[in-house]
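Computed from a predicted structure; not experimentally measured. Throughout, a chain's letter reflects where its sequence line sits, starting with A, and its residues are numbered from 1.
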Amino acid sequence: MLQKPRGTRDFLPDEMEARRSVEAKLREVARRWGYREVCTPEFEDLELFTMRSGAGIVEEMYVFEDKGGRKLTLRPEITASVIRMYVNEAKVAPKPIRWCYFADCFRYERPQKGRYRQFWQFGVELIGADTAPADAEVILLAADMLDATGVKYELKVGHLSFMKNLLAGLDPVSQRKVMGHLDKKDFDGLAATLGEMQEPGLARALTDLVECRDLQSAFAIAGEIAERERIEKTISLLDAAGLKYTLNFGIVRGLDYYTGFVFEAFADNLGAENQILGGGTYRLAKLFGGDDAASCGFAIGFDRVMVALGEVKQKREPIVAIVCTPEGRSRALAVARAFRKAGFRTETDLMERGIGAQVSHASKTADYAVVIGKRETESGEVTIKDLKSGEQKTVPLDEAIAGVKINGPR
RNA sequence: GCCAGGGUGGGGUAGUUGGUUAUCCUAGAGGACUGUGGAUCCUCCGACCCGGGUUCGAAUCUCGGCCCUGGCCCCA
């Protein structure tokens with residue numbers, strides 16, 4: 001039998017309804033903050049991603065050549081595409097630009113809990129606002145969106161300038177190596193590496209910085225930082241808004257294109273892959289041939305949020321099954337039309353079953369059965385049966401519709 | 001790429017010191033019945049992940065692959 005490709009999933013209606021419901025909550029929050037949806041191609045020139053992250057990421061992507069010999073790739077993330085789109089289409093749009101997206105991405109990695117080869121991201125990008133209120137808005141929006149889904153998480157906020165300041169004396173290759181240790185909290189490896197570099201004194205400062213949880217201490221450890229005022233202003237805006245977060249100056253996030261604030265959120269109840277959101281401030285537009293617009297954005301790992309939420313009880317709408325005898329069938333269609341017009345999900349028998357078998361089927365798939373037989377056709381009424389309690393009554397159509405409206409799903 | 005544990009009808013399972021036609025529940029289809037059959041009874045549908053090996057004989061033992069679950073690496 002044919003199988004779906006490794007790391008992909010099929011979604012049955014129950015799961016799709018749950019996903020769409022969470023998606024709708026995210027969309028609604030984005031809408032309220034003024035972030036409007038954009039859409040970019042599912043595949044892009046390979047160069048778009050290698051330009052930014054180096055040739056190494058080719059191993060982690062779905063790369064292919066089209067019939068014209070173009071090197072293309074299924075997008076592994078969407079920020080790069082959005083910024084390319086900004087440079088191509090919207091350079092002169094009034095700033096700030098507030099955009100969001102919800103779309104699937106592809107990475108060729110080993111699947112595990114919360115990690116799939118096709119996965120969905122809900123992200124936002126704020127382009128062209130290089131201020132403390134801009135940074136604060138994006139971080140607050142991130143929290144607002146996660147809160148809307150009901151997921152339990154911890155938000156960590158950091159800023160790269162502290163670490164950059166401490167590492168300013170090292171060459172880029174050494175910086176990268178040191179940050180690798182810090183990202184993994186590998187302090188033994190850190191001390192060893194710095195020892196080799198004749199910089200043993202740095203180990204203590206970096207360890208302190210990574211464990212430090214307040215701004216004043218961080219400044220004390222890292223020394224004077226040019227962005228100090230901007231950082232303090234942003235943090236005070238977060239505090240004033242009552243945001244729940246912890247400061248963490250060990251967040252690295254690959255550094256390649258992040259320039260200032262970086263933040264991540266982690267779900268409490270996931271496995272090894274528990275990061276559900278990541279973002280920060282960055283400058284990518286210039287790399288893609290545009291102006292040097294400052295940007296700030298994040299992406300939510302939608303599938304991980306769904307895993308973290310687990311089996312959530314969905315609010316369900318009532319389902320009506322029309323049950324009829326052969327002589328009632330044509331009126332049954334009119335009755336079904338009336339229920340649908342009233343907004344209810346309404347299904348009729350397509351199997352030409354007997355009335356008993358229809359009720360039997362309805363009891364598994366619906367909340368109400370509306371019986372249209374010879375008697376109802378003659379009287380002009382309908383018999384409505386509550387499939388949970390078994391109670392039924394024969395009433396005018398309007399009354400039956402009103403009853404479903406009042407009582408809801410059973 | 002590496003490690004561990006798994007893979008039996010659509011879902012859930014029994015069966016593995018090798019031995020008839022692979023068990024049961026559920027779901028699905030059909031019938032009896034023809035206004036509640038949502039019951040009861042009957043029938044049908046449908047599985048040993050794939051391939052090689054050992055054997056008279058493999059779901060069972062063995063090797064390889066694929067896939068699943070979780071972990072490592074990575075995580076833009």
For this session: Would you classify A:K374 as touching base, sugar-phosphate or nothing, given that sugar-phosphate means primed atoms plus P, OP1 and OP2, and contacts are heavy atoms under 4.0 Å?
Result: base
For this session: Report the distance from atom CZ of A:R115 to atom P of B:rG70, rounded to the nearest whole Å.
Result: 12 Å
For this session: Would you mind classifying the nucleic acid contact of A:G301 as base, sugar-phosphate or nothing, using non-hydrogen atoms under 4.0 angstrom?
Result: nothing
For this session: Look at the side-chain N and O atoms of A:R6 and state whether any lies under 4.0 Å from the OP1 or OP2 oxygen of B:rC68.
Result: yes
Exercise. Taking the P atom of each, how far is B:rA22 from B:rU40, in whole Å?
Worked result: 28 Å
Exercise. Taking N and O atoms by type only, does the side chain of A:Q392 place a donor or acceptor under 3.5 Å from a partner on the base of B:rU36?
Worked result: yes
Exercise. Touch check for A:V323, heavy atoms < 4.0 angstrom, all strands: base, sugar-phosphate only, or nothing?
Worked result: nothing
Seminar exercise, completed: Regarding the side chain of A:R110, the nearest nucleotide among B:rU36, B:rA4, B:rA76 is B:rA4
For this session: Compare the minimum distances between each of B:rU36, B:rA76, B:rC73 and the side chain of A:M61, then state the nucleotide with the smallest one.
Result: B:rA76
For this session: Pick base, sugar-phosphate or nothing for A:Q121, based on heavy-atom distances below 4.0 Å to the nucleic acid.
Result: nothing
Problem set entry | Gap in Å between the two C1' atoms, one belonging to B:rC48 and one to B:rA14, rounded | 13 Å
For this session: Could you tell me the separation between the NZ atom of A:K388 and the CG atom of A:D367, rounded to the nearest 0.5 Å?
Result: 9.0 Å
Exercise. Is there a side-chain contact between A:V63 and A:Y108, using heavy atoms and a 4.5 Å cut-off?
Worked result: no
For this session: Pick base, sugar-phosphate or nothing for A:G373, based on heavy-atom distances below 4.0 Å to the nucleic acid.
Result: base
Exercise. Side chain of A:E273, base of B:rC74: donor and acceptor closer than 3.5 Å?
Worked result: yes
For this session: Among the candidates B:rC73, B:rC75, B:rU36, find the nucleotide nearest to the side-chain atoms of A:T383.
Result: B:rU36
Exercise. Using the P atom in both, what is the distance from B:rC45 to B:rA39, to the nearest Å?
Worked result: 23 Å
Problem set entry | Proximity to the side chain of A:V359 - top-ranked nucleotide from B:rU36, B:rC75, B:rC74 | B:rU36
For this session: Give A:K113 one of three labels, base, sugar-phosphate or nothing, depending on what nucleic acid heavy atoms sit under 4.0 Å from its own.
Result: sugar-phosphate
Exercise. With sugar-phosphate meaning primed atoms plus P, OP1 and OP2, does A:G278 contact a base, only sugar-phosphate, or nothing at under 4.0 Å between heavy atoms?
Worked result: nothing
For this session: May I ask you to decide if the ring planes of A:Y257 and A:Y282 are parallel, tilted or perpendicular, using 30° and 60° as cut-offs?
Result: perpendicular
Problem set entry | Residue A:E60, side-chain heavy atoms: nucleotide from B:rA76, B:rG35, B:rG70 that is nearest | B:rA76
Exercise. Between B:rG19 and B:rU62, how far is it from one P atom to the other, in whole Å?
Worked result: 15 Å
Exercise. Hey, is the side chain of A:R353 poking within less than 4.0 Å of OP1 or OP2 on B:rA29, counting only N and O atoms?
Worked result: yes
For this session: Could you work out which one of B:rC74, B:rA76, B:rU36 sits closest to the side chain of A:Y257?
Result: B:rA76
Exercise. On a whole-Å scale, what distance lies between the C1' atoms belonging to B:rG10 and B:rU17?
Worked result: 34 Å
Exercise. Are the side chain of A:E154 and the backbone of A:F266 linked by a donor-acceptor contact shorter than 3.5 Å?
Worked result: no
For this session: Provide the distance between the two P atoms, one in B:rG46 and one in B:rG30, to the nearest whole Å.
Result: 16 Å
Exercise. If the C1' atom of B:rC49 is compared with that of B:rU60, how far apart are they to the nearest Å?
Worked result: 15 Å
For this session: Please tell me which of the listed nucleotides, B:rU36, B:rA76, B:rC67, lies nearest to the side chain of A:E77?
Result: B:rA76
Problem set entry | Phosphate OP1/OP2 of B:rG28 contacted by A:K364 side-chain N/O (<4.0 Å) | yes
Exercise. Picking from B:rA39, B:rC75, B:rG35, which would you name as closest to the side chain of A:S360?
Worked result: B:rA39
Exercise. About how many Å separate CG of A:D135 and CG of A:L126, when rounded to the nearest 0.5 Å?
Worked result: 8.5 Å
Problem set entry | Plane angle bin for A:F298 and A:F263 - parallel if under 30°, tilted between 30 and 60°, otherwise perpendicular | perpendicular
Problem set entry | Side-chain touch A:E199/A:L167, heavy atoms, less than 4.5 angstrom | no
Exercise. Rounding to the closest angstrom, what is the interatomic distance between B:rC24 and B:rC67 at atom C1'?
Worked result: 27 Å
For this session: Would you mind classifying the nucleic acid contact of A:Q275 as base, sugar-phosphate or nothing, using non-hydrogen atoms under 4.0 angstrom?
Result: nothing
